[in-house]
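This report concerns only the one structure given below.
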Amino acid sequence: MDPDFPFWLRASHLINFFLIGLLLRSGWEILSSMPRLWWSNDSAPGKEWLKFTKTELPKEEGVYTSLMDEKSLSPMIALPGRENIGLGRHWHALASSLWLLNGLIYIILLFATGLWRRIIPTSWDVFPEAWESLKIYAGFGVPSIEHFQPYDALQMLGYTFVIFVLAPLMMLTGISMSPAVRSRFPGYVKFWGGHQGARSIHFICMVLMTGFIIMHVGLVFLVHPEYNLSHMIWGATDTARAGQAFVIAIATIVVVVASWIALSYWSLSDRVRTHKFLVNATEPIRRYGLNWMKPRMSRQNAYTEKDISEFHWTNGLPPTEDESPEWLKYRSNDWEDWRLEVGGDLNGEKIELSLDDLKALPKAEYIAIHTCMQGWSATSKWTGVRLVDVLDTLGPRPEGARYVMVTSHGLAQKMYDNRPREPFYAVLDLEMLNEEDTILAYERNGNPLEEHLGAPLRLRVESQHGYKMVKWVKAVEWIADYAEVGDGRGGTREDSAMQAFNGRI
Ligand SMILES: Nc1nc2c(c(=O)[nH]1)N[C@H]1C(S)=C(S)[C@@H](COP(=O)(O)O)O[C@H]1N2
Ligand SMILES: [Mo]
């Protein structure tokens with residue numbers, strides 16, 4: 001009897017093929033922003049187990065930034081290519097949720113229709129049979145068509161592994177790289193060997209998945225193609241029309257590949273528009289998937305002094321004489337004259353707090369993993385004062401104040417449209433402000449904050465990646481709406497098409 005390849009099966013394969021292309025290509029974009037892989041959580045120079053760059057990392061901290069480590073990939077290869085990790089991450093998030101949806105529908109229908117029996121082995125005989133097939137393939141032979149009903153044992157094992165092991169593993173390691181997940185379920189991230197373990201496993205799964213796709217598509221064309229192609233296109237064995245099926249299959253592949261590349265060029269043609277489109281499209285993922293996760297204080301037990309990293313990456317070098325003479329002046333007498341400006345237009349008046357004033361406020365301290373969305377991580381003990389306590393020194397929250405803006409003496413590392421670099425800033429909403437460990441830190445690992453890490457004061461928001469954590473803080477102020485500041489998207493990195501406001505992916 002003819003095997004049955006219902007429409008849903010063929011459609012879900014086509015959608016899967018399209019989405020996996022988006023996932024691989026945007027994944028490569030993300031990897032190219034830091035083309036190194038580690039198993040150790042300090043991402044220390046020299047400890048990489050794999051790298052795709054010839055650049056040797058300096059062992060000294062604070063001389064080399066992760067931005068300098070970015071590699072540019074062609075839009076032919078990556079989505080979107082040309083050092084656009086922000087857009088790449090958004091594409092990755094969008095494609096992975098659509099992929100999950102498509103996969104769930106596929107699995108439900110697989111079980112509902114009983115077709116699962118064709119691909120999930122139910123007898124141990126599958127192993128010796130697969131071995132026989134493997135021997136034939138290894139000799140560049142082709143098992144006879146009788147082996148296929150419609151799949152042979154090797155295919156059954158391959159499909160089962162991909163659907164029930166590889167794909168879930170990719171999803172599970174993928175989400176564990178979100179700061180929202182880490183701050184809420186630290187033990188879960190530890191389970192994967194920390195941030196770098198999850199990142200490395202995710203990469204290895206990607207390689208296996210790519211290998212599977214190449215084999216799978218290749219074998220369709222090499223092993224009894226007249227059956228496979230007519231199954232794919234007509235849904236049934238119809239070897240008489242195999243030639244037509246071949247043409248349609250090739251044409252479809254060409255169209256899909258062209259659409260992958262077209263999406264890259266479309267993304268790059270107007271990055272701000274693309275960013276807005278992707279931020280809107282991924283909003284449900286943030287709202288329902290991640291933003292309900294709040295850091296838990298119980299997390300504190302997850303990391304101890306012995307987890308503290310030897311090495312800490314830097315993104316953004318300290319202000320120079322041209323950029324901020326005042327910061328250098330404050331530094332020259334050990335921050336004696338440095339003041340944090342607290343207040344702003346909504347308050348009418350500003351107050352100024354010295355480091356000693358800040359240290360007199362209730363102390364907040366915790367050990368946590370710090371990640372940059374480019375991929376590095378480091379664990380440190382951070383000591384400071386809750387941002388909300390600092391704002392409380394001004395009195396009650398002013399009428400209409402819905403956000404807090406934190407500005408810096410330092411500049412943004414780079415502006416997306418290559419205009420002159422502007423002072424770095426980030427905006428927090430009330431929820432983020434009120435998280436227990438949203439702090440202004442003045443110490444790290446028990447010592448005054450290092451210059452390259454933001455001396456004398458930096459922001460730390462546990463539920464976010466590093467880009468939100470303004471270094472060399474100058475002022476904190478209440479604002480009514482972030483639409484009124486910068487480009488109106490809630491921070492320098494958001495303005496640079498790097499992130500959505502409150503992006504926790
Ligand atoms: N003023 C300022 N703050 C900044 C940046 C910057 O360029 N300028 N980079 C941000 C980014 S992208 C990251 S990942 C973290 C890095 O923190 P670290 O350099 O202390 O490791 O700082 C954030 N704060
Ligand atoms: Mo970053």
Side-chain angles (χ1 to χ4, degrees), residues 30 33-34 41-45 57-58 60-70 83-86 88-89 177-179 182 195 308-320 323-324 326-328 331 340 368-382 384 405-416 421-428 438-445 447-476 486 490-499 503-505:
I30 297 169
S33 80
M34 182 154 245
N41 267 303
D42 58 0
S43 316
L57 292 176
E60 191 190 335
E61 267 187 33
V63 291
Y64 183 83
T65 70
S66 39
L67 199 77
M68 296 173 186
D69 213 40
E70 282 196 300
E83 300 187 13
N84 283 284
I85 182 201
R89 293 171 64 89
M177 286 182 269
S178 157
R182 179 177 61 251
H195 192 78
I308 289 177
S309 303
E310 300 246 323
F311 184 84
H312 201 293
W313 272 82
T314 307
N315 217 352
L317 295 177
T320 62
E323 291 166 11
S324 177
E326 70 275 24
W327 183 82
L328 274 93
R331 187 186 66 174
L340 172 69
I369 297 187
H370 192 75
T371 54
C372 169
M373 61 184 197
Q374 281 182 257
W376 58 263
S377 56
T379 311
S380 303
K381 179 162 82 182
W382 299 95
M405 178 162 75
V406 181
T407 49
S408 173
H409 286 286
L411 304 183
Q413 311 165 80
K414 154 175 137 182
M415 303 298 287
Y416 71 87
R421 292 157 65 214
E422 292 171 3
F424 196 84
Y425 79 101
V427 175
L428 279 65
T438 295
I439 66 169
L440 290 169
Y442 44 72
E443 276 175 18
R444 190 179 75 102
N445 298 339
N447 301 312
L449 198 58
E450 295 91 330
E451 277 171 30
H452 61 283
L453 302 186
L457 192 71
R458 77 163 314 154
L459 182 61
R460 257 213 113 261
V461 187
E462 183 54 20
S463 64
Q464 305 283 310
H465 282 303
Y467 76 96
K468 205 79 182 182
M469 311 193 197
V470 182
K471 305 197 283 188
W472 316 292
V473 170
K474 181 173 192 267
V476 297
T492 307
R493 300 296 256 182
E494 290 88 338
D495 288 345
S496 301
M498 298 295 273
Q499 267 289 6
R504 286 174 183 166
I505 299 173

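Both counts, for ligands and for their atoms, begin at 1 and track the order of listing. As the structure is a prediction and not an experimental result, all values here were calculated from the model.
Scanning all protein heavy atoms for the shortest distance to atom 9 (N) of ligand 1 gives Asn315 O, 3.2 Å. Residue, atom and distance of the protein heavy atom nearest to atom 7 (O) of ligand 1 are Gln413 CG, 3.0 Å. The single protein non-hydrogen atom nearest to atom 23 (C) of ligand 1 is Gly466 O, 3.2 Å, given as residue, atom name and distance. Among all non-hydrogen protein atoms, the one lying nearest atom 1 (N) of ligand 1 is Ser408 OG, 3.0 Å. Nearest protein heavy-atom contact of atom 19 (O) of ligand 1 is Lys471 NZ, 2.4 Å. Among protein heavy atoms, atom 12 (S) of ligand 1 sits closest to Arg493 NH2, 3.4 Å.
Atom CD of Glu310 has 12 or fewer heavy atoms from other residues, nucleotides or ligands within 6.0 Å.
Using a 30° and 60° split on the angle between ring planes, Trp313 and Trp376 fall in the parallel class, below 30°. Relative ring orientation between His465 and His195 is described as perpendicular, the plane-to-plane angle rising above 60° on a 0-90° scale split at 30° and 60°.
Assignment of His370 to the shell around ligand 1 is supported, since a heavy atom sits closer than 4.0 Å.
Proximity of Met469 to ligand 1, defined as any heavy-atom pair under 4.0 Å, is confined to the backbone N, CA, C and O atoms. No part of Tyr425 comes within 4.0 Å of ligand 1, judged by heavy-atom distances. With a 4.0 Å heavy-atom cut-off, ligand 1 is reached by no atom of Lys468. Contacts with ligand 1 closer than 4.0 Å are made by side-chain heavy atoms of Phe424 only, the backbone lying farther away. Here Arg458 has side-chain heavy atoms under 4.0 Å from ligand 1, and that is the only part of it that gets that close. Within the 4.0 Å heavy-atom criterion, the part of Trp313 lying near ligand 1 is the backbone and not the side chain. Contacts with ligand 1 closer than 4.0 Å are made by no heavy atom of Met373, backbone or side chain. Contacts of Leu411 with ligand 1, taken as heavy-atom pairs under 4.0 Å, involve the backbone alone. At a 4.0 Å heavy-atom cut-off, ligand 1 does not touch His409 at all.
Note on Arg421 versus Glu323: salt bridge recorded, some NZ/NE/NH1/NH2 to OD/OE distance being below 4.0 Å.
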Pair Glu450, Lys471 - check salt bridge (Lys or Arg N to Asp or Glu O under 4.0 Å), show working. CA-CA 10 Å; Glu450 295 91 330; Lys471 305 197 283 188; over 6 Å; no
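In this structure a side-chain-to-backbone donor-acceptor pair under 3.5 Å is missing from Arg89 to Ile30. Under the 3.5 Å distance criterion, the side-chain polar atoms of Lys468 are matched with a main-chain donor or acceptor of Val427. In this structure a side-chain-to-backbone donor-acceptor pair under 3.5 Å is present from Asn445 to Lys381.
Counting the atoms of ligand 1 from 1 in the order shown, those under 4.0 Å from a heavy atom of Trp472 are 1 (N), 2 (C), 8 (N). Distances below 4.0 Å separate heavy atoms of Cys372 from the following atoms of ligand 1: 14 (S). Listed by atom number, the atoms of ligand 1 under 4.0 Å from Gly316 heavy atoms are 7 (O).
For the atom pair CD of Glu83 and CD1 of Ile85, the computed distance is 10.5 Å after rounding to the nearest 0.5 Å.
Side-chain atoms of Gln374 and Asn315 form a donor-acceptor pair, as typed in the model, at a separation below 3.5 Å. With no hydrogens or angles considered, no side-chain donor-acceptor pair links His312 and Glu61 at under 3.5 Å. Counting only N and O atoms by type, the side chains of Arg182 and Thr371 include a donor and acceptor under 3.5 Å apart.
Considering backbone and side-chain N/O of Trp376, none are found under 3.5 Å from N/O of ligand 1.
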